[in-house]
Structures are given as C-alpha cells and as structure tokens.
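These notes are about the structure you will find just below.
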Amino acid sequence: MEKKNGAQILIESLLKEGVRVVFGFPGGSVLPLFDALYDAPLDFVLVRHEQGAAHAADGYARATGKVGVCIATSGPGATNLVTGLATAHMDSIPMVAITGQVKTFLIGNDAFQEADVTGITRPITKHNYLVKDISELACTIKEAFHIASTGRPGPVVIDVPVDVQMQLAEFNYPHTVCIRSYQPTLEGHPGQIKKAAKLINQSKRPIIYAGGGVIISGASEELLELAIKVQAPVTTTLMGLGGFPEDNDLSLGMLGMHGTVYANHAVMESDLIIAIGARFDDRVTGKIDEFAPHAKIIHIDIDPTAISKNVHVHVPIVGDVKNVLVKLNRLVKAGQTKEWLERIREWKRRYPLTYKDKGDKITPQYAVEQIYKATKGDAIICTEVGQNQMWAAQYYTYTKPRTFISSGGLGTMGYGFPAAIGAKIGRPDKVVFDIAGDGSIQMNIQELATAIASKINVKVAILNNGYLGMVRQWQELFYKKRYSHTKLLNPDFVKLAESYGALGLRVEKKQDVEKAIEEAIAAPNVVFIDFVVEEEENVFPMVPAGEAINRMIGGMA
Amino acid sequence: MKHTIFALVENRPGVLARISGLFSARAFNIDSLAVGETHDPTISRMTIIVDAKDERILEQIKKQLHKLIDVISVEDLTKKGFFERELVLIKVDSSSCSKQKLHKLTDKFSAKVLSYEGKKAVIEAVGDKDEISALLAALGGMKICELVRTGRVAIAK
Ligand SMILES: Cc1ncc(C[n+]2csc(CCOP(=O)(O)OP(=O)(O)O)c2C)c(N)n1
Ligand SMILES: [Mg+2]
C-alpha cells in the first residue's frame, strides 16, 4: 500500500469525516499541513486571527449541526484559539481544532513557538490529544470527531508535532470507534419517563423550560408536540432561542435576567418545571433559594453532571432529548391548563415586552425589530455580547432552530462577526446578520478582510451607542452613574468598512432604518450598517444579580 | 464527610493532570490521592479520599469524574465494607531512644525499623488512617525529621 505523510493522512481523514470547509491560519509548525491543503478538495478560509478561525468553525457548527474544523500553528497560533475553544466548550458546540506542535524531540524544551497546548486547553475542551506517533494519527482523528459530535458535544483539540506531519505511514481510516471509557447514555430510563409523564398529567400549572439541548438534539418538533398536547407554556434560555416557535401562543420568550416578565412570573408560580436540555444557569435562576418555590422539577439532559447541580431535581432523566421526548409524548395526556394559560395571558397583557419610542432617534430595539421584519424571521442572527445581544434576543422573533447564534455560556465579545462568517459558509442560502455592539465588533474587526477576500456575504448591524453599553448600564444602576472607562471613541465604521472593500451605511434617523436594512440585504457584498442609536438606552426588564427572578426592574409599568 | 472512592482510568499520559485539574477547577477537596497500574497494564486505579459537604457535592464529584473521557468507571466504597491502607516512611531523631526501645514501640503497631544508624532511624508502617495516626502519636517524644506517605489505597471486601 502506498504510504502518505502525516499531513496527507490528516487531510484524508478530514475528508472521510465529511469535512468540506476548514478555517485557519498558517505558521511554521503547520507547514506540511498547509502544503497538503494546497491542492486538497476542501474549502480553506484564511482568517486574519486564529480566534476568528475558532469562532467561525463554531458558527459553522451552530448553523449546520456539523463539526466545525479549524487549524492553527503551534505556540501563539494555538493560544489564540483559546477563547474560541472556551466559548464552544461552554455552549456544547462540536468542533475539532488541529494545532501544530514543535518537533516531538523538542517538546518540553521551551523550543521556539512551543506552548503546552494540551495543558492549556484541558479545562476548556471536551477532550484533547497530543499525537506523538504517526500510527495513531488516523484513529485519533476518528475518535476526536466521534467525541466532539456525540453525547454532550464539545470542542476537541488534536496537537500534531510537525515531524509527525512529515512521517510516512499507510493510511487506513477506521470505520468505527469504540471507546470503553466513553459511552454516553442516549435512551432515557423508561421508569423515569413514566414518572415524568405522571407528574405532567397531574400538573395544573406546568411550564416547559427549554435550552440549547433541544437544538443540539434536533428535538424542536417533539418539543412542539409535547407543548401542544399538554397545553404547557414554553420559555427558552438564550441558547434555546429558535428551539420553540416564538410566534406560537404557548411561547413565553426567554426567561431569566433579561427574560420577559411573564416567563419569569410563570416559572415562579408554576407547580411543575419540565427542564429540557437546559442547565439552570445562574442567569436563569436568579437567587437560587427562592427559585420556583412551588414547583416539582423534571430534568431531561444528556449530561448527568448537569442534573441536580444547581437545583434539586425530582425526576431526573439522563438521555438524548429527542429520544426521551418521543417516548414521553406517547405517555402524556391533554393537559387541564386552561386557567393557568389564562393567568399567563393576563401577565402578557399587563407586562408586554416594550420600549419607549424616541421620535426621530433610533432605538436599538426598533432596529432589531426592523431586521426581523425585513428578513421575515428567516435569517440567521448572530450576536456579539452586551446589550446588543439581549436586544437581538428580545426583539427578533425566532421560529426555527439554528437561526440564533450567540455566545451564551462564556459571553465572548468578538464572537458574533467571525461566527456569522462561519454560519454563512455553512448556510449560503440564508441571509446572515451579526447584530453587534460598537465595542464588541472591534474585538475581531480584522475578519472583515476574511469576509471580503473569501466573498462571504455577511451583514453587520452595529447598534452604535458609543458605550460598552451593558457595563455602562450596570454602572448607571448600581454604581451611581460613575461611567468608569465605558465611553468609547470609535472609528468611522463606514469608512472602515469601505477601506476593506465592504459597503458601509450610516443610519441616524428612525425613518431611514428600514431602507438601509433592505439595501444591505440586497447588496451582493459584505455590509456594515452603523446604526447611531440612543446612547443611554437600557435593557429591560432586568433581574438584578442575586435577586429572585420575579423581582424585575423595568418592564413592570 | 470523607468518602473513599476509586476510579479506573486509562493508563495514559495526562490522565492524572485531568483529574487533579478537575478537582481544583471545581473546588472539590481531596484528602488523599493514590494511583497505580492494575493487573491490566492499560488501566490505572486511583483511590481518592474526598471531603464532600453533602450528598449533592459527592454526586457531582463522581459524575464529573466519570464525565472525563479517560475515566472508565467510578465507585464509592464508603457505604460498602472495604480495606484501606497507607504506607508511611518516617525518619526520626533516635538519639533519645535505644534501638530496643524503638523496636518494642514499632512492634506494637506492626511497624518495622528499617535502619538505625547514627542518630537517625527509619521506620516503615502500613495501616489504615487510625493506625498511622496512633503510631505518629506514639512517636511523639521523638523529633520527626522526614515523613513520607503514599496516600491511601482501598479495596472492597
Ligand atoms: C471578551 C470580553 N471582554 C469583556 C466582556 C465584558 N462585557 C460584557 S458586555 C460589555 C460591553 C459590550 O459593549 P458593546 O459591544 O458596545 O455592546 P453594548 O452593550 O453597548 O450593546 C463588556 C465589556 C466580555 N463579555 N467579553
Ligand atoms: Mg456599545
């Protein structure tokens, strides 16, 4: 059999895994790999910073459900991936990152561009490997893809010394993997599912609390079926947006710190919480001792460690959300929830999600609503972090899974733009927006060059408030308006976009918002829209940190 | 409360770092940790004595350990009958204690005097936590120069 070198084996293995696009940046320790990429039948997207490669691979994974792949060189290349790996890890995103490493015999010598990549990335990856022997390369890649994409997904790093990339071996790609120490539980325990069904059938005030697990597992339809059958209202986490159609009557939108008043009230008053692929994060529960005092809790999750970590769970069900819901749906009966839904309808009437109109001035909420209107809810919306992220979550109506892409767990500023690039490559048929803040967009602004050079037609809507707005909001509310280092002196985003070859649009008046968005969507180009918005607008409602989630400020007028 | 748990893990580089990293990252308290190969050379066994405030933390520790890809299984021995042993080597200043006297003392604890030279003696002891503590208390009169312990290992009855 003909022998191939490590780099070729790596590329062939990626092809066997069905990889069609790789994001990356070259360097000394990946030269053999880049040589193999030169004529490989793969789309390679050259980013301008390795963090961009990691986020783009992540955005690709979120938009498509496939494993995202990125490549970086040893040392600084690999350390630049760190934020992207941690972001993917927190949100359970399937990713494989390949890093070059110094030659095997130099490892541990503080060689040029050496970093202990497996050491650095151990706590922020699902798993990682250092491949010191060419004979292990192909099966390591097989394992890495398997681990990244099964169970609770997550990023996996494969660190490959440059000499291993050059060694020769026969290429045999394994067909199957069996890792004795890794056997995720996929089927829920039938007895537990029965118990859950019994609780659901007895409940008068149930609420479904759905998280990112619903989207990862592809269980939106099953969730909808459950909600309709039981007539239970559904609230989602930030990660769960799109997992349940928000235009459905049973939808309560998002819960938690910036959730809707009615979602938070419903949780607090419920007698049964059906948690599905969610993890009772502190941004969701608020003060844990006062969380949902009357409720029993059913918790369905593929990760046993997520269960009973933060709250006591009455009926835990470990398993893949979709598998469990299919079985659960067979056992539940039509719910007696008429009174409960009526109460919720009343909360919706009394405390709708609203904001004050500011005449000619553009409010950020209005800009988001207009993006929704123009795209008819059919776009993929990526976000940065801060107020922009919360407004994007609140004022766009998500109806389909994988249409909202945001760094939830880590809250990474600079995520949205490269993630949008990845998402657009994965779903070229979709309009892809990054709803950005003026601060966040500057954290990975260099990826404009990537988007232009690789002709990735993404649209960036900057909600330009001249502040690190979310931090300013906390300073306003909790630090006596002492705006310590949150005012920004920004570049001219229109000129900046133009200098890269993108289209730049500035919008200063409310009446011009709609037109600008339509122009941006129609343009066959990367577009930056600089929405000059009300500076000191706040995100409401808001649960102050550490308070019970029904003690909200704003939105209770 | 202290719990004695053991984990069977892949005998691979980096596994110990994963486990110790997990304990420090999640602020779990380890009292003792001992690792060694089993009769199957591809598998190592770790005996971990953890201090868990309540059932929930103990559950988290076990589940988080199990979640590590290289961990094959995790078991709690606390509620079962089990043997627990630790080996301790102690170097004492023996100038105030004759060889005979030292032998008499160590015999009481089934410990051994490995050497008695000059002013120093080296003692080996094997036992559970209480036995080791009792021996150390009995040696109290002498100055301890060095002390080294393996960490506790345990096995179910
Ligand atoms: C990398 C990183 N650094 C710091 C923070 C803390 N942080 C959260 S929101 C925010 C302000 C974001 O400002 P901008 O992008 O302008 O968004 P706005 O809140 O104004 O919409 C900051 C600094 C973060 N989330 N990520
Ligand atoms: Mg801002």
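By convention in this document, chain letters (A, B, ...) are assigned in the order of the sequence lines, proteins followed by strands, and residues within each chain are numbered from 1.
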* Asked: Given a strict heavy-atom distance threshold of 4.5 Å, which part of Asn310(A) is in contact with chain B: side chain, backbone, both, or neither?
  -> backbone

* Are there more than 12 heavy atoms of other residues, nucleotides or ligands under 6.0 Å from atom CG of Asp110(A)? -> no

* **Residues of residues 145-160 of chain A contacting chain B, heavy-atom criterion under 4.5 Å, by residue number** => Ile147(A), Arg152(A)

* Measure distances from Ser24(B) to the heavy atoms of chain A and classify the residue's part below 4.5 Å as side chain, backbone, both or neither. => neither

* If you count the non-hydrogen atoms of other residues, nucleotides and ligands that lie under 6.0 Å from NE2 in His66(B), is the total more than 12? -> no

* Asked: Just how far is it from atom OG1 of Thr125(A) to atom CD1 of Ile69(B), taken to the nearest 0.5 Å?
  -> 9.0 Å

* Asked: To the nearest 0.5 Å, what is the distance between CG (Leu130(A)) and CZ (Arg12(B))?
  -> 12.5 Å

* Asked: Tell me, side chain or backbone of Ala25(B) under 4.5 Å from chain A's heavy atoms, or both, or neither?
  -> neither

* Intermediate values then yes/no, side-chain contact (heavy atoms from CB on, under 4.5 Å), Glu59(B) and Lys309(A) -> CA-CA 9 Å; Glu59(B) 276 304 303; Lys309(A) 182 166 66 179; over 6 Å; no

* **Close side-chain approach of Leu68(B) and Lys126(A), heavy atoms under 4.5 Å** => no

* side-chain contact (heavy atoms from CB on, under 4.5 Å) between Asp70(B) and His127(A), intermediate numbers included -> CA-CA 9 Å; Asp70(B) 285 333; His127(A) 199 53; 3.7 Å; yes

* NZ (Lys103(A)) with more than 12 external heavy atoms under 6.0 Å -> no

* Structure fact -> So OG of Ser20(B) and CZ of Arg122(A): to nearest 0.5 Å the spacing works out to 8.0 Å

* Has Lys129(B) got more than 12 heavy atoms of other residues, nucleotides or ligands less than 6.0 Å from its NZ? -> no

* Please name all residues satisfying ring-ring contact (aromatic ring centres under 6.0 Å, His included) with Phe28(B), sequence neighbours left out, ordered by chain then number. => Phe23(B)

* Structure fact -> Greatest number of non-hydrogen atom pairs under 4.5 angstrom with chain B, of Pro123(A), Ser181(A), Pro184(A), falls to Ser181(A)

* **Largest heavy-atom contact set with chain A, pairs under 4.5 Å, which of Leu22(B), Leu8(B), Ile43(B)** => Ile43(B)

* Asked: Sub-3.5 Å donor-acceptor pair from the side chain of Gln60(B) to the main-chain atoms of Thr305(A), do we have one?
  -> yes

* Classify the side-chain pair Asn128(A)/Arg18(B) by whether it contains a donor and acceptor separated by less than 3.5 Å. => yes

* Verify the neighbour count for atom NZ of Lys62(B): are there more than 12 heavy atoms of other residues, nucleotides or ligands below 6.0 Å? => yes

